[in-house]
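Below: one structure, written as structure tokens.
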Amino acid sequence: AIDRAFTIKGSGRIVTGTAFSGQVHVVDTLWLTGRDIPVRVRALHAQNQPTEHAGAGDRIAINIVGDVSKQEIERGSWLLTQEPPQAVSRVLATMVSDKPIRHWQPVHLHHAASHITG
């Protein structure tokens, strides 16, 4: 899950976040969700140390190369090892509340690092 995206002069695009599962290695091809764009891992830092691979639970910074601008990478996007499935425009969720929900009361949905009201 991507928390931040920025550019370092001489290195290029960097994304940071937490690996929720799996492994990532230098030269792997990953898919950026939301844009369905493949990117290549040029360099990798895990726990503030340069490394060749990282895994689930690690805080990582990934130097990526691909046809993607910094503006296309948003907080809450994910990097996946496989091409993501088709996106959906609606989600059905069941909500349990201790108190009755009032008419026009805003409801907040949090998923990974993204947030939307309903």
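Along the sequence shown, residues carry numbers from 1.
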* Asked: Which class fits the ring pair His108 and His115: parallel under 30°, tilted 30 to 60°, perpendicular over 60°?
  -> parallel
* To do: First locate atom CD of Gln23, then atom CG of Asp58, and finally report the distance between them rounded to the nearest 0.5 Å.
  => 8.0 Å
* Asked: With side chains defined as the heavy atoms from C-beta onward, is the minimum distance between Asn63 and Leu44 less than 4.5 Å?
  -> no
* Asked: Quick one: are Trp31 and Thr33 in side-chain contact, heavy atoms under 4.5 Å?
  -> no
* To do: Using a cut-off of 6.0 Å, state whether more than 12 heavy atoms not belonging to Ile116 lie near its atom CD1.
  => no
* Output the distance between atom CZ (Arg13) and atom CZ (Arg42), rounded to the nearest 0.5 Å. => 10.0 Å
* Any side-chain heavy atom of Ile60 within less than 4.5 Å of one from Thr16? -> no
* Asked: Are any non-hydrogen side-chain atoms of Val27 and Val41 less than 4.5 angstrom apart?
  -> no
* **From Ile37 atom CD1 to Ser69 atom OG, the distance as rounded to the nearest 0.5 Å** => 8.0 Å
* Asked: Side chains of Val15 and Ile64: does their closest heavy-atom pair fall under 4.5 Å?
  -> yes
* To do: Group every Ile, Leu, Val, Met, Phe, Trp and Tyr by side-chain heavy-atom contacts under 4.5 Å, then state whether Leu109 and Met95 land in the same group.
  => no
* Asked: Does some side-chain heavy atom of Arg59 sit less than 4.5 Å from a side-chain heavy atom of Asp3?
  -> yes
* Closest contact, heavy atoms only, Ala56 versus Ser21 -> CB-CA, 3.6 Å
* Minimum heavy-atom distance between Ala19 and Gly55, given as atom pair plus value -> CB-O, 3.3 Å
* State the NE2-OG1 distance between His25 and Thr81, to the nearest 0.5 angstrom. => 11.5 Å
* Asked: With side chains defined as the heavy atoms from C-beta onward, is the minimum distance between Ile2 and Glu74 less than 4.5 Å?
  -> no
* Linking I/L/V/M/F/W/Y whenever their side-chain heavy atoms sit closer than 4.5 Å, directly or via other members, would Val24 and Trp78 fall into one cluster? -> no
* Side-chain donor or acceptor of Thr18 paired with backbone N/O of Phe20 under 3.5 Å -> no
* Structure fact -> dist Gln105:CD -> Ser97:OG (nearest 0.5 Å) comes out at 7.0 Å
* Structure fact -> Distance col, row Leu30:CG vs Arg40:CZ, nearest 0.5 angstrom, shows 11.0 Å
* **Candidate list Val65, Leu79, Thr29, test side chain to side chain contact (heavy atoms under 4.5 Å, CB included), partner Val39, passing option** => Leu79
* Asked: Do Leu32 and Val68 have side-chain heavy atoms sitting under 4.5 Å apart?
  -> yes
